[in-house]
Amino acid sequence: MISPPLIYALLLLAVPLLTIILFSFWTQNFLTIDRTFTVANYAEALTDPLYRELMLRSLRIAGLVTAATVLLAFPIAYFISFHVTPEKKALWIFLITIPFWTSYLIRIFLWRVILAYDGPVNGTLLELGIIEEPLSWILYNANSVVITLAHAFAPFAILPIFVSLEKIDRSLLEAARDLGEATAMTFIRVTLPLAMPGVLAAVLIVFIPTVGDYVTPRLVGGSGGTMIANMIYVQIFDLSNRPMGATLAVLAMLTVTITLAWFILHIRFWVHLSDRVGGGVLGLALAAVAAVIDIAIVRWVFLHGPDWFGPAGSLGVLAAIMGGGAILIAWFVPKGRWGI
Amino acid sequence: MKRSPLALFAGLYLIFLYAPIILLPLFAFNDGTIIAFPLRGFTLGWFADLANTPALHEATLNSLIIACSVAVLATCLGLFAARAVTRYKFPLKGGILGFIMLPLVLPEVIVAISLLVVLMLLLPDLPIETGFQIGEYVIVLSVTPDLVLEVSNFHRTVFSFALPLPIILGHTLLCLPFSIAILQGSFQGLDQSLEEAALDLGETRAGAFRLVILPLVTPGIIASLLICFIISLDEFIIAFFLSGNEPTLPVYLWGQLRFPARLPVVMALGTILVTLSIVLLIVADIFRRRGLRRTGQSETGGFL
């Protein structure tokens, strides 16, 4: 029974994905494709600072979007799950998903109108006397891309968190309160850890597609908000260098996979650190410091590594740090209570 | 519902979510050529402009053909998958389903360029043609990569119809996960004994499926058709990468966004599209709920 959809997905997803990997090892000479195997595209993509910058910016924007979306989505999911009467939950979920089904292009274009120099946001803020002159930092840069994408991906974050909150056995919360835990601490020590699988699902569902978004950076990003997908498009259609476009696409997928794997493993490490010192504020602070150090190391090697170790050496160092760290964590740190 | 900071936040969040959709009609009916406040007065002129833009009509027709084909194709494939997943156990079930659901999280640009690259590699071998003759009529079916059906007699072409195959196949890939998710909901609560009873009473497998299962999952099928239709109608990236000379509606819209003078018309078109999407969505949700009730399940809310 599964075979027709499986064959379809194999033919139209697996085969094309393998084809772009193959394509990325070819080169294009004006209009003809040279099918000799070469890693020249990869060498160029990995050493050219422009691609490096675009990739890093895409990751940074996607990270910000994910953080903003999940942080805004959590209270909403919590509200619907805990404060809305059961009969009205479906209606709320429906209300939240409606905007997602309307034309993507139109929605993004309207953000350009909303955030514009003479748009409603600036208009209202001026009227209220909060600002003296229109804000110019909210359009045509990375900020506007973050705002617009956080809007576009809202339901993707709310739904998984909502589902995981719905699954929480309410008697656990009562038990915590009966045992003398304050409401805030019940939330931090019972609700939040139990909702974490949903939050992680939300992070994955938001982060992966936003890294490769094309329309939003193009419409509201200006030159400072250009992302990797725009470069892929330019390579393929404007520069007619399809193998390079394929290479960038493959690299983007690889980078996303590696980043997420790194992130998930390190969360396990941070949670473990926090638990070791007994959780609470101290644990949170320790985990935060560890996270900042971890991210700073990788970022530094990625940005400044080539000056010290050469382009290839830098990649090697990066791979050693990330791979070694991953193996160490997977080996020594036990699977935490967040299910990762 | 009690008034709490959380409820206030939820209210503000809804405003944030709906801001673009609320502003859209304001500008569509606004009697000014600039998309900005203050509004200038009421007009229906932009909608009237839509009526005499032939390029738009072609794009619309193209989009409708694509969306209908995608809805049917994705729902058929979704039926297979949903039935297999809910009814049978087989090795690698989770992995196979995960793979089919992959387009849900994969960046669309990646899907689009990988399809484009395959198309490019196939292009030198195209068109593939096959034809036969009935009486004086010659019927030719070719893949150019559009699927073209042409009927001609010896003097002239009698009938010709082209289906933009690459976009349809790409969109189907994208819609399949949604179709499966909806249909799985319909199949999930199905009582297996109903089908067994039909088999015991002498129905064939096909007959039992047609007479017992199908009526129970029909609301789910309709919901899936509508959702796939909406997704395909609004989808931009894949259509943008794979459309040749015949743009779909979103690709046409994208082209118009470059011309400031055309923006009010775009707003009018957007208003129509958004209204259509919302109406279809509400109808789809009604059918989905009816399907859940028919198979005796409680409401869980949402499509995703």
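Residue numbering restarts at 1 for every chain, and letters A, B, ... go by the order of the sequence lines.
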Task: Pair A:Tyr233 and B:Phe241, ring centroids less than 6.0 Å apart - done: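 Yes, the ring centres sit under 6.0 Å apart.
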
- [ ] Examine B:Phe178 together with A:Trp101 and report whether their ring centres are nearer than 6.0 Å.
- [x]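 Ring centroids of B:Phe178 and A:Trp101 are less than 6.0 Å from each other.
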
Open item on the list: Minimum heavy-atom separation for B:Ile113 and A:Ala246, please, with both atom names.
Closed with: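 That closest heavy-atom pairing would be CD1-CA, 4.1 Å.
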
- [ ] State, to 0.1 Å, how close B:Leu257 and A:Arg112 come at their nearest heavy-atom pair, and which atoms those are.
- [x]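 Result for this residue pair: O-NH2, 4.4 Å.
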
Checking heavy atoms, do the side chain of [X], its backbone, both or neither come under 4.5 Å from chain B?
X: A:Ile96; result: both
X: A:Leu11; result: neither
X: A:Leu72; result: both
X: A:Ala152; result: neither
X: A:Leu248; result: neither

Open item on the list: If the condition is side-chain contact (heavy atoms from CB on, under 4.5 Å), which residues does A:Leu91 pass it with, not counting sequence neighbours?
Closed with: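 With neighbours one apart ignored, the set is empty.
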
Open item on the list: The criterion is side-chain contact (heavy atoms from CB on, under 4.5 Å); which residues satisfy it with A:Pro16, sequence neighbours excluded?
Closed with: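 For A:Pro16 the side-chain contact (heavy atoms from CB on, under 4.5 Å) partners, ignoring immediate neighbours, are B:Ser114, B:Leu115, B:Val118.
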
Open item on the list: Please evaluate residues A:Ile106 and B:Val266 with respect to the criterion side-chain contact (heavy atoms from CB on, under 4.5 Å), reporting the C-alpha separation (whole Å), side-chain torsions for both, the decisive distance (0.1 Å), and the verdict.
Closed with: CA-CA 9 Å; A:Ile106 295 282; B:Val266 170; 4.3 Å; yes

Open item on the list: Evaluate B:Trp254 against A:Arg218 for side-chain contact (heavy atoms from CB on, under 4.5 Å), listing each step before the verdict.
Closed with: CA-CA 11 Å; B:Trp254 175 260; A:Arg218 208 36 222 290; 3.6 Å; yes

Task: chain A-proximal positions within residues 272-280 of chain B [heavy-atom distance under 4.5 Å] - done: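 B:Val274, B:Ser277, B:Ile278, listed by number.
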
Task: Residue pairs fulfilling side chain to side chain donor-acceptor pair (under 3.5 Å) with at least one residue in residues 166-179 of chain B, sequence neighbours excluded - done: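 Every side chain to side chain donor-acceptor pair (under 3.5 Å) pair that includes a residue of residues 166-179 of chain B, provided the two are not neighbours, is B:His171-B:Ser232, B:His171-B:Glu235, B:Ser179-B:Ser224.
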
